[in-house]
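Following: one structure in structure tokens, then a few remarks.
Quantities reported herein were computed from a predicted structural model and do not represent experimental measurements. Any value given below was found using the heavy atoms of this structure, including those in side chains, with hydrogens, waters and symmetry copies removed. First the proteins, then the strands, lettered A, B, ... as listed; each starts at 1.
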Amino acid sequence: MMLQKAQITEQQLKKAQAQVRRMAAELERSRDLRRVIVHVDMDAFYAAVEMRDSPELTDIPMAVGSMSMLSTSNYHARKFGVRAAMPGFIAKKLCPSLVIVPTNFDKYRAVSQEIREIFADYDPHFMPMSLDEAYLDLTDHLEQRQSWPDSLRTHFHLIITRSNFFLFCKEEDSIELPQETVPEMDLSPVLFEDGPSSSPCLIHECAAGDGVFEVFGKSIEEAVREMRFRIEQKTMLTASAGIAPNMMLAKVCSDKNKPNGQYRLPSTREAVMEFVQNLPVRKVFGIGKVSEKMLNALDISSCSHLGQKMALLSLLFSETAWHHFMQVSLGLGSTIIPRHEERKSMSTERTFKELNIAEEQLSLCRELCENLAEDMKKEGLKVVTEGSLSLAACDS
DNA sequence: ATACATACC
DNA sequence: TACTGGTATGTAT
């Protein structure tokens with residue numbers, strides 16, 4: 001690429017510059033700042049679930065995974081440089097006291113289901129990206145919200161008092177509470193005891209002073225704060241969120257005040273351009289280790305550099321890659337969240353189904369691959385991906 | 001069409 | 001001792 005770069009003439013660059021200007025103007029015309037896109041991301045998800053369920057893990061560095069590979073680590077462990085996608089045995093060298101907990105996928109799936117129920121209240125067409133994160137379009141919710149009474153924006157705190165008294169609320173629970181406790185609420189608060197020595201009058205005290213419930217406002221920030229609050233009440237886990245006019249920016253914003261925070265990028269061209277100027281290219285979804293290295297070699301590390309070198313990039317990268325860079329440098333991204341149901345995925349099952357592969361054939365392929373893997377190990381060869389091999393065998 | 005590469009969680 | 005596994009998409013031939 002550097003060789004190619006050296007052969008570029010002044011004239012080529014000039015011509016490209018004109019092209020870039022035309023494209024920028026066209027993209028600018030397509031800019032849409034009307035949508036409110038939110039990216040929600042659970043904080044250190046797997047690790048947080050394990051810490052929640054095992055209190056002895058809360059104050060120590062821990063990670064979820066195995067000696068071969070870690071999925072994620074808690075913030076304590078991150079101080080030692082222990083990261084997701086790091087082999088456990090290397091993490092142990094960085095942090096000898098690290099506790100590694102095996103993954104409990106079923107548990108994370110269950111928690112994921114819980115948070116998705118909350119997401120659906122704000123955007124029935126939200127797009128889950130993994131068990132712990134999702135994109136939501138809050139534009140419609142926000143419009144509805146403006147005419148909502150306070151009661152629909154009221155949510156209950158979980159209170160743990162000295163006498164082990166809990167009060168919290170779930171809309172779907174139907175357990176009755178004495179009327180005088182929380183007046184004028186559509187929601188039914190639930191009251192239950194978790195200790196022998198408790199007195200109901202505590203509720204009155206809390207309701208009057210400490211704010212057992214909270215009324216959230218009508219702004220986007222309040223709506224997102226409310227959503228995060230509900231997630232925390234329901235799962236005892238925290239989430240971070242980013243609010244922006246498109247998916248690309250929302251994703252970056254959700255990382256800004258992590259953990260347990262949120263960040264809103266105002267929906268104005270000026271704010272977006274300002275934000276994008278100082279944004280390291282590596283932060284952008286789709287620009288990974290390799291692309292970063294290539295861009296760095298061209299003295300590009302932030303998105304402002306990206307914008308300055310678009311003409312050069314058009315001569316070195318493919319049309320699609322260049323187009324992506326172009327969008328990024330202008331702070332543009334998708335404002336339409338592909339609908340959950342409409343997204344077609346090439347799942348393993350689907351592949352098998354479409355290729356008309358019988359369960360029998362599949363297990364035969366798997367067996368074949370297992371045998372092959374065995375033989376390879378005997379020969380001292382490294383087996384990288386057994387699962388994908390069986391899929392490849394079927395594919396062929 | 002196929003293989004290989006990059007990226008994401 | 002030990003460096004994933006699943007999915008999507010881009011690039012090269």
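- Taking the six-membered ring where tryptophan is involved, the planes of A:Phe105 and A:Tyr46 are perpendicular, since the angle between them exceeds 60° and thus also 30°.
- Residues in residues 97-109 of chain A take part in these salt bridge (charged side-chain N to carboxylate O under 4.0 Å, His left out) pairs, two or more places apart or across chains: A:Glu50-A:Lys107, A:Asp53-A:Lys107, A:Asp106-A:Arg109.
- Within residues 246-255 of chain A, the residues that place at least one heavy atom under 4.0 Å from DNA chain B are, in residue-number order, A:Lys251.
- Rounded to an integer number of Å, the gap from OH of A:Tyr46 to P of C:dT4 is 16 Å.
- Distances were taken from every side-chain heavy atom of A:Ser68 (C-beta onward) to each of C:dG10, C:dA2, B:dC9; the shortest belongs to C:dA2.
- The CG atom of A:Leu131 sits 13 Å away from the P atom of C:dT7 (whole-angstrom rounding).
- Applying the side-chain hydrogen bond (donor to acceptor under 3.5 Å, both in side chains) test to A:Ser240 and every residue at least two apart in sequence or in another chain returns A:Asp43.
- Rounded to whole Å, the distance from CG on A:Asp132 to C1' on B:dC9 is 7 Å.
- Listed by first then second residue, pairs satisfying ring pair (Phe, Tyr, Trp, His ring centres under 6.0 Å) with a partner in residues 299-322 of chain A read A:Phe317-A:Phe325, not counting sequence neighbours.
- Rounded to whole angstrom, the span from the OH atom of A:Tyr108 across to the C1' atom of C:dG5 amounts to 16 Å.
- Hydrophobic cluster membership differs between A:Val82 and A:Phe45, with clusters built from Ile, Leu, Val, Met, Phe, Trp and Tyr side chains linked at under 4.5 angstrom.
- What separates CZ of A:Phe317 from P of B:dA5 is a distance of 17 Å, to the nearest Å.
- Only the C1' atoms considered, C:dT4 is 15 Å distant from B:dA7, to the nearest whole Å.
- Taking atom CZ of A:Arg83 as the reference point, atom P of B:dC8 lies 16 Å away to the nearest angstrom.
- Between the CE atom of A:Met129 and the P atom of C:dT7 there is a distance of 14 Å, given to the nearest Å.
- Of the residues in residues 87-106 of chain A, those with a non-hydrogen atom less than 4.0 angstrom from any atom of DNA chain C are A:Pro87, A:Phe89, A:Ile90.
- For the side-chain contact (heavy atoms from CB on, under 4.5 Å) test, residues two or more places apart in sequence or in another chain that qualify with A:Asn246 are A:Met248, A:Leu249, A:Thr335.
- A:Arg21 and A:Glu28 are not joined by a salt bridge, as no carboxylate oxygen comes within less than 4.0 angstrom of a charged side-chain nitrogen.
- Here A:Arg35 pairs with A:Asp137 under the side-chain hydrogen bond (donor to acceptor under 3.5 Å, both in side chains) rule; sequence neighbours left out.
- Not counting sequence neighbours, the partners of A:Ala48 by the side-chain contact (heavy atoms from CB on, under 4.5 Å) test are A:Leu237.
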ask   = When you look at A:Arg22 and A:Gln19, which way does the side chain to side chain donor-acceptor pair (under 3.5 Å) test go after all the steps?
value = CA-CA 5 Å; A:Arg22 264 201 308 281; A:Gln19 173 91 14; 3.1 Å; yes

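- Considering only residues two or more places apart in sequence or on other chains, A:His76 meets the side-chain contact (heavy atoms from CB on, under 4.5 Å) condition with A:Pro61, A:Asn74, A:Lys79, A:Phe80.
- Figure legend: cation-pi geometry between A:Arg78 and A:Tyr75, with NZ or CZ positioned under 6.0 Å from the six-membered ring centre and within 45° of its axis.
- Contact check on A:Lys251 versus A:Glu133 returns a salt bridge, with a Lys/Arg side-chain nitrogen under 4.0 Å from an Asp/Glu carboxylate oxygen.
- Every residue meeting the side-chain contact (heavy atoms from CB on, under 4.5 Å) condition with A:Lys256, not counting sequence neighbours, appears here in chain and number order: A:Tyr263, A:Phe275.
- Listed by residue number, there are no residues of residues 282-310 of chain A with a heavy-atom contact under 4.0 Å to DNA chain C.
- Heavy-atom distances under 4.0 Å link DNA chain C to A:Thr320, A:Ala321 of residues 320-334 of chain A, given in residue order.
- Going from atom CG of A:Asp43 over to atom P of B:dC9 covers 14 Å, rounded to whole Å.
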